[in-house]
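One structure below.
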Amino acid sequence: MMRVLLLLSMAALLSGCSAQWGWYVVNPATESGLANLKFLLSGLYYTVLLSLTAILISMVTGLLVALPGLSENRKLRAFNRLYVELVRAVPILVLILWVYYGLPQLSGLAISVFWAGVIALALSDSAFQAEIFRAGIQSINRGQYEAAHSVSLSYADTMRFVILPQAIRRILPALGNQLVYMLKMSSLVSVIGMQELTRKANELVVTEYRPLEIYTILVLEYLVLILIVSAGVRWLERKMQADERN
Amino acid sequence: MASKGAEPVIRMEGVSKFFGTFQALKDVSLDVKSGERVVVCGPSGSGKSTLIRCINRLEKHEQGAIIVDGVTLNDSRSSLNAIRAKVGMVFQQFNLFPHLTVLENLTLGPVRARNMARAQANDLAMSYLERVRIPEQAEKYPRQLSGGQQQRVAIARSLCMEPEIMLFDEPTSALDPEMINEVLEVMTELASSGMTMVCVTHEMGFARRVADTMVFMDHGELVELATPETFFSAPESQRCKEFLQKILHH
Ligand SMILES: Nc1ncnc2c1ncn2[C@@H]1O[C@H](COP(=O)(O)OP(=O)(O)OP(=O)(O)O)[C@@H](O)[C@H]1O
Ligand SMILES: [Mg+2]
């Protein structure tokens with residue numbers, strides 16, 4: 001369905017204004033076109049690696065920030081609020097610049113482009129993850145804690161074996177959203193020179209002067225990547241539901 | 001346990017419990033001997049759940065003392081852990097873990113909290129599933145079972161922790177009528193095995209058969225405490241008389 005739509009729109013674009021297009025830059029039949037295509041696709045590695053690393057870190061951080069938000073202790077809850085409100089208020093691009101150019105001055109340590117990107121993306125996303133986890137954990141019935149209490153589980157075991165497995169099932173769609181969001185936001189790390197999809201496209205545009213074709217390819221790259229991720233998340237959802245049924 | 005003689009295994013002395021300014025328990029005193037079966041009844045909101053929830057520290061009492069098998073209930077971690085190991089609880093809504101199979105529900109506590117080996121915990125779980133007569137359901141998930149079966153799983157889950165005392169908070173009130181008996185039968189069998197039990201229930205037939213002591217609560221007070229014979233034939237207080245009339249003749 002999706003594929004058909006894509007082909008149709010491509011065909012319409014190509015035929016309607018063929019004089020404007022110069023697909024030769026990425027024509028895999030020619031040697032230079034193939035090289036260009038490979039160059040563009042080579043950005044995939046860092047886009048995926050950056051996004052996955054960042055989302056893993058932001059999920060763990062988000063969970064660690066969510067837990068104090070659920071505490072009865074007022075100071076712990078205040079820490080949660082402060083973190084979420086502060087981090088959520090900084091634009092991602094600003095955070096990327098700040099971490100890459102600012103943080104080394106502050107800490108005296110040089111930081112690689114990759115890790116600057118990971119830290120900025122993870123930090124920014126963790127505030128949202130914290131809210132997602134908090135809502136997910138709060139949605140679990142109090143009776144589950146009481147049952148865990150009555151079979152002597154510790155707080156850590158209650159979370160690990162009783163509450164989180166149920167909460168994560170419920171927040172899976174939201175976590176999938178965050179991963180999609182992360183893949184898209186990783187394009188911002190191109191501004192500090194990360195060799196991911198967007199940066200590759202920008203560099204090719206500079207040498208080939210064919211922004212229309214190259215950025216169209218870029219759009220398609222993100223589209224396909226994200227469709228695959230969505231399908232994966234949907235598959236995981238179905239699998240987890242099936243686990244509970246049979 | 002039985003050799004402790006007259007020493008009560010649960011001792012509540014002048015226990016009061018507040019929710020904000022609302023007093024849910026008013027100066028409640030109650031002794032339960034080892035092996036004794038206590039049935040608690042009373043109108044809705046009278047504090048029955050609060051009473052038994054204080055015994056395993058799901059609620060904290062503000063005044064008075066609760067001593068369970070020599071352990072005084074307070075804020076210390078050691079007292080909390082000791083109490084939870086001694087006291088099992090069965091809830092009105094079962095509170096099974098929905099993402100775990102029946103067997104996993106039963107073995108989670110033994111494996112994680114009692115550090116039992118997986119194989120040993122499985123054997124223990126199967127023996128208790130046989131006792132509640134549903135060993136064939138071990139691999140199913142809670143939602144695939146009937147309410148009566150779920151409650152029996154919940155009872156087995158508590159028993160797997162090998163508690164000395166079992167608390168029941170209206171274990172049959174969420175069940176369809178035809179499933180009440182299968183749960184009461186399991187509880188009756190448990191009672192005959194000598195388990196110390198405190199049950200909140202309005203199943204008066206069950207109470208007559210198994211209770212050693214009847215307790216009637218109203219407005220957070222323990223109003224009446226008697227043997228079933230006296231309790232059902234000649235309750236002392238007017239409040240208890242009216243309550244019994246209502247639930248026995250509806
Ligand atoms: N967590 C709570 N916060 C505030 N009030 C509470 C809380 N738990 C119980 N109460 C109040 O304490 C009183 C006693 O409640 P409890 O649940 O012990 O009654 P009960 O006798 O078990 O009633 P029921 O038969 O309806 O289960 C009720 O008035 C109830 O509203
Ligand atoms: Mg109650």
Side-chain angles (χ1 to χ4, degrees), chain A residues 59 63 66-67 70-77 132-133 135-176 233-246, chain B residues 49 52-53 55-60 77 80-101 104-116 121 125 139-144 153-163 165-169 174:
Chain A
M59 273 169 55
L63 176 60
L67 293 176
L70 296 158
S71 158
E72 280 166 24
N73 182 319
R74 199 174 290 162
K75 279 185 195 140
L76 289 176
R77 280 206 312 274
I132 291 171
F133 272 103
I137 292 169
Q138 266 172 344
S139 77
I140 304 300
N141 191 299
R142 209 178 89 192
Q144 293 290 304
Y145 292 92
E146 297 184 348
H149 170 103
S150 71
V151 293
S152 290
L153 294 189
S154 65
Y155 172 77
D157 281 349
T158 301
M159 280 297 156
R160 182 170 156 205
F161 295 106
V162 177
I163 306 301
L164 284 177
Q166 298 182 61
I168 286 174
R169 277 179 174 79
R170 290 187 195 181
I171 63 178
L172 208 55
L175 294 181
V233 171
R234 204 107 15 93
W235 173 82
L236 204 61
E237 264 176 63
R238 269 200 308 274
K239 186 172 139 53
M240 282 189 155
Q241 278 167 4
D243 274 357
E244 251 172 80
R245 292 225 180 87
N246 313 319
Chain B
S49 296
I52 65 167
R53 289 162 62 85
I55 298 174
N56 77 339
R57 208 135 174 99
L58 276 173
E59 304 287 357
K60 292 177 183 179
R77 190 132 285 279
L80 181 71
N81 288 338
I83 238 54
R84 296 196 299 171
K86 289 176 197 294
V87 183
M89 176 132 179
V90 174
F91 304 87
Q92 183 175 355
Q93 300 298 339
F94 328 139
N95 293 343
L96 293 176
F97 306 130
H99 60 299
L100 300 179
T101 63
E104 289 164 345
N105 263 275
L106 267 60
T107 54
L108 184 58
V111 169
R112 299 303 307 182
R114 297 176 64 199
N115 298 317
M116 199 179 273
E139 298 305 326
K140 289 202 180 154
Y141 284 88
R143 71 177 61 169
Q144 298 170 298
V153 171
I155 293 171
R157 177 176 66 181
S158 281
L159 292 176
C160 279
M161 300 302 290
E162 307 193 305
I165 299 160
M166 284 286 283
L167 306 175
F168 292 84
D169 192 357

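Quick note on labels: first sequence line is chain A, next is B, and so on, each numbered from 1.
Residue contact with chain A, scored on non-hydrogen atoms closer than 4.5 Å, involves the side chain of Glu59(B) exclusively. Using a 4.5 Å cut-off between heavy atoms, Arg114(B) makes no contact with chain A at all. For Phe97(B), the parts lying near chain A are the backbone and the side chain together; criterion is any non-hydrogen pair under 4.5 Å. Proximity to chain A (any heavy atom under 4.5 Å) is shown, for Met89(B), by both the backbone and the side chain. In this structure, chain A has no heavy atom under 4.5 Å from any part of Val90(B).
Of the inter-residue distances, the one linking Phe133(A) atom CZ with Gln138(A) atom CD reads 14.0 Å to the nearest 0.5 angstrom. Remark: Glu139(B) CD to Glu104(B) CD distance equals 7.5 Å, nearest 0.5 Å.
For chain A, the option among Thr101(B), Asn81(B), Leu96(B), Leu80(B) with the highest count of heavy-atom pairs below 4.5 Å is Leu96(B). Interface remark: of the candidates His149(A), Gln144(A), Arg142(A), His149(A) forms the most heavy-atom pairs closer than 4.5 Å to chain B.
In this structure, the side chain to side chain contact (heavy atoms under 4.5 Å, CB included) partners of Ala125(B), at least two apart in sequence or on a different chain, are Leu103(B), Leu106(B), Thr107(B), Cys160(B). Partners of Leu236(A) under the side chain to side chain contact (heavy atoms under 4.5 Å, CB included) rule, at least two apart in sequence or in another chain, are Leu172(A).
Side chain of Arg112(B) to backbone of Ser154(A): no donor-acceptor contact under 3.5 angstrom is found. Between the side chain of Ser71(A) and the main chain of Arg77(A), no donor-acceptor pair closer than 3.5 Å is present.
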